[in-house]
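Below is one structure; the comments refer to it alone.
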Amino acid sequence: MTLSIIIVNYNVKYFLEQCLYSVTKAVQGIEAEVIVVDNHSTDDSLSYLIPKFPQVAFFQNETNSGFGKACNRGFGEASGRYILFLNPDTIVAEDSFTKCLQFFESHPDCGALGVKMIDGSGAFLKESKRAFPSPQTSLFKLAGLASLFPKSKVFSRYHLGHLDKEQSHEVDVLAGAFFMTKKEVLEKVGVFDEAFFMYGEDVDLSYRVQKAGYKNYYFSETTIIHFKGESTRRGSLNYVRMFYQAMIIFVRKHYGGARASFFNFSIRLAIWIRAFVSALLKFFTWIGIRVVDAIIILASFYIAKEAWAKFVRTDINYPNQLLLVSFPIFTLIYLTAAYYAGLYDRQFRLRNLLRSTLIATVTLLSIYALLPEQYRFSRGIVVLGAIAAFVFITLQRWLLVKAGVLSEPFDAFSKPHILIAANGKEFSDVKKFLAEKGFADRIIGRVGINGTTENVIAHINDMDTTAKALDAKELIFCARTLSYKTLIALTERYHSLGLKFRYHASSSSSIVGSDTSTESGEILSEEAAFNLATASNKRMKRLIDVAASIIFLLTFPVHFFFVRNSLQFFANCFAIIAGSKTWIGYINAKPSLPLLRKSILAPNGAKQLSQKLSAENIHLLNYWYARNYEPAQDVKTIFIQYKYLGS
């Protein structure tokens, strides 16, 4: 056996599906085996993938034991002279493996090999080539000097910025996303150190390979796509902690004496600084827009009041209480409505802003009569202020979208924006697939890939001029007639166009993509999406839980007479407000369903009434609840099953 490809999977079955289709093409003509080790995924990865790839050897771990340990299990099953550790969220070219094997044959001193990697938008991934960590390189990276001077041999040493990414080089560290080596090398230096759970194991293995007298090479003559961000969100506090903790383990293991102590101190300090900066950025990202919205809403009501007093009701002098009490209350109501309407999701939808404005305005007009006399004023100010706030916030969101702080989802575009690079048959298949998902009217047309001009609106080689003319936002690559090598080259070539690239292998059941290396990818699959997994429904479910609990507690004497086990009922109310329970939820749910808190009632009512159901019927009950979830159904169930709320 020439080559063994080891892939560790954890909850990324659709990315792995696309990866395996590309790997299947890349191993043609090579005596190779593909080994997938599943790290206890909860998305039914194996049941989905095994029928699609009978030629692949699948193994399942009973727990998520970490990347290194899973790789080692795969190595134990491998019989190839060469070993490739490959991430599941990658797409490789047809000649990637062949070229790498040829490089090994022509460079006897090569102990391990990594390749040029780009992300899903076509941007070069700097971790394709790295130096070993040191206090100096870490300091320059954390201080931002590496970003300020990306080509500097001194300041950007961590990512070896001075080395041309288009040339092959001897380097220190290779990325675990694509780490090819010889079996005899691993037998000599050892496999991955299982003390590293997710990050740092590639640094450690690169160090041991080099220490044993071999050389590590960055190989630029083949490029792969690495979507990234699919297991841990990069930039998150959890990522920062895990990454730098891995660096501490590496330093303790390989650097001794005062150097290790100083490096450990430096890294721990770096963790705290980076965590503080990340928390600060997260805080301003989360709270900053809300504060700006609050200022806009207050200003809108003030402007409305001034305009109303000057041009409509010039005979009325509105008191200062209007500014000090009423307007802040109105602003709070608007912000609350905006949150539950989804206005603070990562992607901006104009309909969410319109919905939140209408809800808040109706709420204000409804409680108007409840305000003390001294805080009342014309309803016209409420309506005028709402209109002004809507206009100003719309303008603000437009500026944030243009600046790249927020993004618009594709369903926000009312006109066609999707191009599909495919032959005629592939185009028909993808068009049908998108139509089933409700995107039929968003397709501009087919982009030619094989020279034919029949029924195409553009050719793939002309995208730099036609994408803007067609106002395209998204380009779907169909991999069959279009080779993976060409597809990868086009992704890199058209990186600057601002298109969102998506990838679909012929015969696959999904379309995947990732627009940045720090956010989770986008997936469209044949499987039905769970309504319960959407951010808006999660918010509404939590709102229903809390609102119902507060109402129950405010009317507590009544429930002693009508609810069974009333003491437990009140305990449930407090548990739900605290966030440890929900009123409606699963019965013994499988982990493949969207996560829910422990529930009081089953989807069909009291849990004890569902005990007679078979395991299959219980699973279907849970599945349909998650798939077809509607907030109104929770309200109805709580009302109908009221007497069982003390369960």
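For clarity, every value in this text was computed on a predicted model and none was experimentally measured.
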Checklist entry - To the nearest 0.5 Å, what is the distance between CG (L298) and CZ (F327)? => result 8.5 Å

Checklist entry - Taking only residues two or more places apart in sequence or in another chain, which ones pass ring pair (Phe, Tyr, Trp, His ring centres under 6.0 Å) with F556? => result none

Item to check | A70 versus V37, closest heavy-atom pair with distance | outcome: O-CG2, 3.7 Å

Checklist entry - Which value, rounded to the nearest 0.5 Å, describes the distance between K538 atom NZ and L543 atom CG? => result 16.0 Å

Checklist entry - Heavy-atom count around K598 NZ within 6.0 Å, excluding the residue itself: above 12? => result no

Item to check | Nearest-0.5 Å distance, NZ of residue K431 to CD1 of residue I476 | outcome: 12.5 Å

Checklist entry - Is there side-chain contact between Y48 and Y14, with heavy atoms separated by less than 4.5 Å? => result yes

Checklist entry - Are R397 and D293 close enough, and set up right, to give a salt bridge (Lys or Arg N to Asp or Glu O under 4.0 Å), and what steps lead you there? => result CA-CA 10 Å; R397 290 299 197 274; D293 284 353; 2.8 Å; yes

Checklist entry - Hey, does the side chain of Q18 reach the backbone of S510 with a donor-acceptor pair shorter than 3.5 angstrom? => result yes

Checklist entry - Would you say S45 and D38 make side-chain contact, with heavy atoms under 4.5 Å? => result yes

Item to check | Worked check of side-chain contact (heavy atoms from CB on, under 4.5 Å) between Y334 and T331 | outcome: CA-CA 5 Å; Y334 267 82; T331 299; 5.6 Å; no

Checklist entry - How long is the gap from CD on Q641 to NZ on K636, to the nearest 0.5 Å? => result 11.0 Å

Item to check | Set of ring pair (Phe, Tyr, Trp, His ring centres under 6.0 Å) partners for F552, sequence neighbours left out | outcome: H559, F569, W583

Item to check | Minimum side-chain heavy-atom gap F574-L553 below 4.5 Å | outcome: yes

Checklist entry - Backbone N or O of T63 within a donor-acceptor pair of the N61 side chain at under 3.5 Å? => result no

Next on the checklist: With heavy-atom distances below 4.5 Å as the criterion, would you say the side chains of L524 and K437 are in contact?
Outcome noted: yes

Checklist entry - Passes side-chain contact (heavy atoms from CB on, under 4.5 Å), I584 versus I638? Steps please. => result CA-CA 8 Å; I584 318 292; I638 291 172; 4.0 Å; yes

Checklist entry - Which distance, rounded to the nearest 0.5 Å, do you find between the CD1 of I444 and the NE2 of H417? => result 8.0 Å

Next on the checklist: Tell me if the aromatic rings of F439 and F433 count as close, with their centers under 6.0 Å from one another.
Outcome noted: no

Item to check | Shortest non-hydrogen contact between D43 and V12, atoms and distance | outcome: OD2-N, 3.5 Å

Checklist entry - Rounded to the nearest 0.5 Å, how far apart are CG of N622 and CZ of R627? => result 15.0 Å

Checklist entry - Hey, is the main chain of T582 close enough, under 3.5 Å, to the side chain of K541 for a donor-acceptor pair? => result no

Checklist entry - With no hydrogens and no angle check, do the side chains of S41 and N9 hold a donor and an acceptor under 3.5 Å apart? => result yes

Item to check | Distance-minimising heavy-atom pair for S300 and A388 | outcome: OG-C, 3.6 Å

Checklist entry - Do we see a donor-acceptor contact under 3.5 Å between the side chains of S647 and Q568? => result no

Next on the checklist: Would the distance check show the side chain of N87 and the main-chain N or O of D89 forming a donor-acceptor pair, the cut-off being under 3.5 Å?
Outcome noted: no

Checklist entry - Mind checking whether Y503 and F15 have ring centres under 6.0 Å apart? => result no

Checklist entry - When you look at CD of E630, are more than 12 heavy atoms from neighbouring residues, nucleotides or ligands closer to it than 6.0 Å? => result no

Checklist entry - Under a 4.5 Å cut-off applied to non-hydrogen side-chain atoms, are I297 and L335 in contact? => result yes

Checklist entry - Do K310 and E306 pass the side-chain contact (heavy atoms from CB on, under 4.5 Å) test, and can you show the C-alpha distance, the side-chain angles, and the key distance before you say yes or no? => result CA-CA 6 Å; K310 186 173 182 179; E306 290 295 310; over 6 Å; no

Next on the checklist: Taking the six-membered ring for Trp, are F530 and Y629 closer than 6.0 Å centroid to centroid?
Outcome noted: no

Item to check | Salt-bridge criterion met for D471 and K473 (N-O under 4.0 Å) | outcome: yes

Next on the checklist: Please find the pair of heavy atoms, one from A304 and one from G385, that lie closest to each other, and give the distance.
Outcome noted: CB-N, 3.5 Å

Next on the checklist: Looking at every heavy atom in both S549 and I577, which two are closest together, and how far apart are they?
Outcome noted: CB-CG1, 3.7 Å

Checklist entry - Is the closest side-chain heavy-atom distance between R502 and V512 below 4.5 Å? => result no

Next on the checklist: I need the minimum non-hydrogen distance between W308 and G380, along with the two atoms involved.
Outcome noted: CH2-CA, 3.7 Å

Checklist entry - Sub-3.5 Å donor-acceptor pair from the side chain of S580 to the main-chain atoms of A575, do we have one? => result yes

Checklist entry - Do K581 and N572 have side-chain heavy atoms sitting under 4.5 Å apart? => result yes

Checklist entry - Looking at the rings of F301 and F330, which for Trp means the six-membered one, are their centres under 6.0 Å apart? => result yes

Item to check | Parallel, tilted or perpendicular, as decided by the 30° and 60° cut-offs, for the rings of F560 and F570 | outcome: tilted

Next on the checklist: I'd like to know if the side chain of K500 reaches the main chain of L475, judged simply by a donor and an acceptor atom lying under 3.5 Å from each other, with no hydrogens or angles considered.
Outcome noted: no

Next on the checklist: Is it the case that the side chain of Y623 and the backbone of I618 share a donor-acceptor pair, with hydrogens and angles ignored and the cut-off at 3.5 Å?
Outcome noted: no

Item to check | Side-chain donor or acceptor of S566 paired with backbone N/O of V563 under 3.5 Å | outcome: no

Checklist entry - With a 4.5 Å heavy-atom cut-off, do V36 and V8 have their side chains touching? => result no

Checklist entry - Is it the case that Y625 and D634 place a side-chain donor and acceptor less than 3.5 Å from each other? => result yes

Checklist entry - Between I600 and I576, does a side-chain contact (heavy atoms from CB on, under 4.5 Å) hold up when you go through it step by step? => result CA-CA 9 Å; I600 309 301; I576 286 171; 4.3 Å; yes

Checklist entry - Is a side-chain donor-acceptor pair under 3.5 Å present for S508 with K52? => result no

Item to check | Reference residue L532; test side-chain contact (heavy atoms from CB on, under 4.5 Å); the match among L595, L593, L596 | outcome: L596

